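Before any comments, here is the structure.
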2 protein chains.
Amino acid sequence: MKNNGASTVRQYPCERCPLQNYPHFQPHEKDEVEFLSGFKMGELVADVGTTVLGEGRSSAHLFTVLSGWAFRYKTLEDGRRQILNYVLPGDLIGLQGSLMKEMQHSVEALSPLVMCMFQRDKLPALFQSYPTIAYDITWLASREEQMLDEILLSVGRRSALERAAYLFAFIYQRAKSVGMVKNNTLMVPLRQQHVADTLGLSIVHTNKTLKKLAAKGALRWLDRGCEVIDHQILLDIAKWQGLPPAPRPYI
Amino acid sequence: MKNNGASTVRQYPCERCPLQNYPHFQPHEKDEVEFLSGFKMGELVADVGTTVLGEGRSSAHLFTVLSGWAFRYKTLEDGRRQILNYVLPGDLIGLQGSLMKEMQHSVEALSPLVMCMFQRDKLPALFQSYPTIAYDITWLASREEQMLDEILLSVGRRSALERAAYLFAFIYQRAKSVGMVKNNTLMVPLRQQHVADTLGLSIVHTNKTLKKLAAKGALRWLDRGCEVIDHQILLDIAKWQGLPPAPRPYI
DNA sequence: CAATTGATATGTCTTTGTTAAATGACAGAA
DNA sequence: TTCTGTCATTTAACAAAGACATATCAATTG
């Protein structure tokens, strides 16, 4: 994990990259990424707590996530924060900043993030040269919208307990689909403040709600995160069927 | 608005269509749209209350909206409903059903909807033949995600009054951008149940909240809808700067 | 060691939900 | 026209959920 100045640029294309079939941008110059605070060159690793993309900033790059956790969020003027979604391996971030003037949300790493990088300016050319990358990116954007729809339904219409159960069932299923679940359990590197800001609850109420979930045997809260124990209990409490299968047509 | 069996198929391409630069599908056979309940052929008009796209159904078509209002929503098993976003002229609906297996949300008309129609099966060919349509569709999907981010922040972290003010400020601004605002006022064809299901509140609380907004001179509630009077008051109450400009790069 | 951070616990207060009933507008029938 | 039924809105009274302030404790950090 250490990076003492030596740059060991990852070989592309990379199997875990959702856009593996298309040419990657290989950063050779430190300048090209150092505007991102906390960024390490070479392995393209962002440390825990790093703001990979910031609201209001224009983004010269898109990133695909190879490993690690992150979250997208927005804040109000007075500091109230809403976590919008979590970023897992296989996800694409920074598209908005590439298509619009600037990013309208921020992305922060929850664990060391390993990423691939694409240049914003090369996107139109990529679309031209590789028509199926357009399809893939559209697919990724559409899936993100689908997840947001679900989350909005949850925050708007589910009770605190249902919401919490939904959140961990949702994360569990997503993590499972990218091979992050071992022995049917999952370590989610969240603090209760993250959970609160995802569910739209206060941290105190979140704490009570998590205790209830733990009492039902659905999960166990640890020092720096939580461990999902029983996915089915979560699904039952949330009255949720799980994410529908979403096969990609052109990849 | 009447359609007595005579089909007067709209001429394409159409100036108001967000995908005006690309070839449209022209429906000649009634079969091609009659699976959509309440649909009229010829002008491609959906009446108020029509479910244009239904959750769980696969969608053989995409639609662009030329005029009228609609809303996207999801429901829980027990009937709780969350309105996700509103659909205005220039919007694209049904993309999810074209990329994924099936629609994960429903779309219902709030006023007679005039639409253009695209065949799902032709989308890959369109992406091949017109690389910029991919860019435009990606842009539309990204903008939808941006709006959902804002709405989620609102439902998760704003108070009831702030949320209501945000909702109407948001709708006002979107409607203004497509020329639906006359004399600085806007008629929004919503019932209070729609507002409640958008804000994640009960209908009773919604009613009280709307009365407060009306008392502050921000809007007036009428028989079957509401009229936005003062956009600035809404922005102030919601502590919101308004939607950022989002120029399209390739249209 | 002190200082900080995160989790837990409790009691009070505010916001929002639930239930029920009343009001008002409108459309169709008499 | 008047009557009547329906639907959306409004109001009221009470219950429940959740926020907030505060304190304690354990673990981490410096």
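Source: prediction; values computed, not measured. Chain letters run A, B, ... following the sequence lines, proteins first and then strands; every chain starts at 1.
For the pair R191(B) CZ and dT6(D) C1', the computed distance is 13 Å after rounding to whole Å. Counting to the nearest Å, the P atom of dT16(C) and the CG atom of L210(B) are 13 Å from each other. Per the geometry, CD belonging to Q193(B) stands 12 Å off C1' belonging to dC7(D), to the nearest Å. Between E162(B) atom CD and dT15(C) atom C1' the separation is 13 Å, expressed in whole Å. Regarding Q192(B), its CD atom lies at a distance of 17 Å from the P atom of dC7(D), rounded to whole Å. Counting to the nearest Å, the P atom of dT10(D) and the CG atom of L213(B) are 13 Å from each other.
The list of ring pair (Phe, Tyr, Trp, His ring centres under 6.0 Å) pairs with a residue in residues 179-218 of chain A, not counting sequence neighbours, reads F71(A)-H194(A). Applying the ring pair (Phe, Tyr, Trp, His ring centres under 6.0 Å) test to pairs two or more places apart or on separate chains, those with a residue in residues 144-168 of chain A are Y166(A)-F170(A), Y166(A)-W240(A). The salt bridge (charged side-chain N to carboxylate O under 4.0 Å, His left out) analysis of residues 171-189 of chain A, with sequence neighbours excluded, yields the pairs D91(A)-R174(A).
Checked by atom type, the side-chain pair E102(B)/Q96(B) shows no donor-acceptor distance below 3.5 Å. A donor-acceptor contact closer than 3.5 angstrom is absent between the side chains of T198(A) and Y73(A).
Computed from C1' positions of five pairs at each end, the angle between the two local axes of the helix from dC1(C)-dG30(D) to dA30(C)-dT1(D) equals 40°, rounded to 10 degrees.
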Pair Q241(B), E77(A) - check side chain to side chain donor-acceptor pair (under 3.5 Å), show working. CA-CA 10 Å; Q241(B) 317 289 349; E77(A) 302 166 349; 3.0 Å; yes
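In this structure, V107(B) and A70(B) approach most closely via the heavy-atom pair CG1-CB, 4.1 Å.
A salt bridge is absent between R72(A) and E55(A): the closest approach of a Lys/Arg side-chain nitrogen to an acidic carboxylate oxygen does not fall below 4.0 angstrom.
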Summarise how protein sits on nucleotides 11-21 of chain D as a single string, 5' to 3': B when a protein heavy atom is under 4.0 Å from the base, S for sugar-phosphate-only contact, - for no contact. BBB----BSBB
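Applying a 4.0 Å cut-off to non-hydrogen atoms, none of the residues of residues 78-85 of chain A approaches DNA chain C.
No option in I229(B), D230(B), L234(B), I233(B) other than L234(B) meets the side-chain contact (heavy atoms from CB on, under 4.5 Å) test with L213(B).
For the atom pair CZ (R143(A)) and CG (L92(A)), the distance works out to 9.5 Å, reported to the nearest 0.5 Å. Here CD of E144(B) is found 7.5 Å from CD1 of I151(B). Values are rounded to the nearest 0.5 Å.
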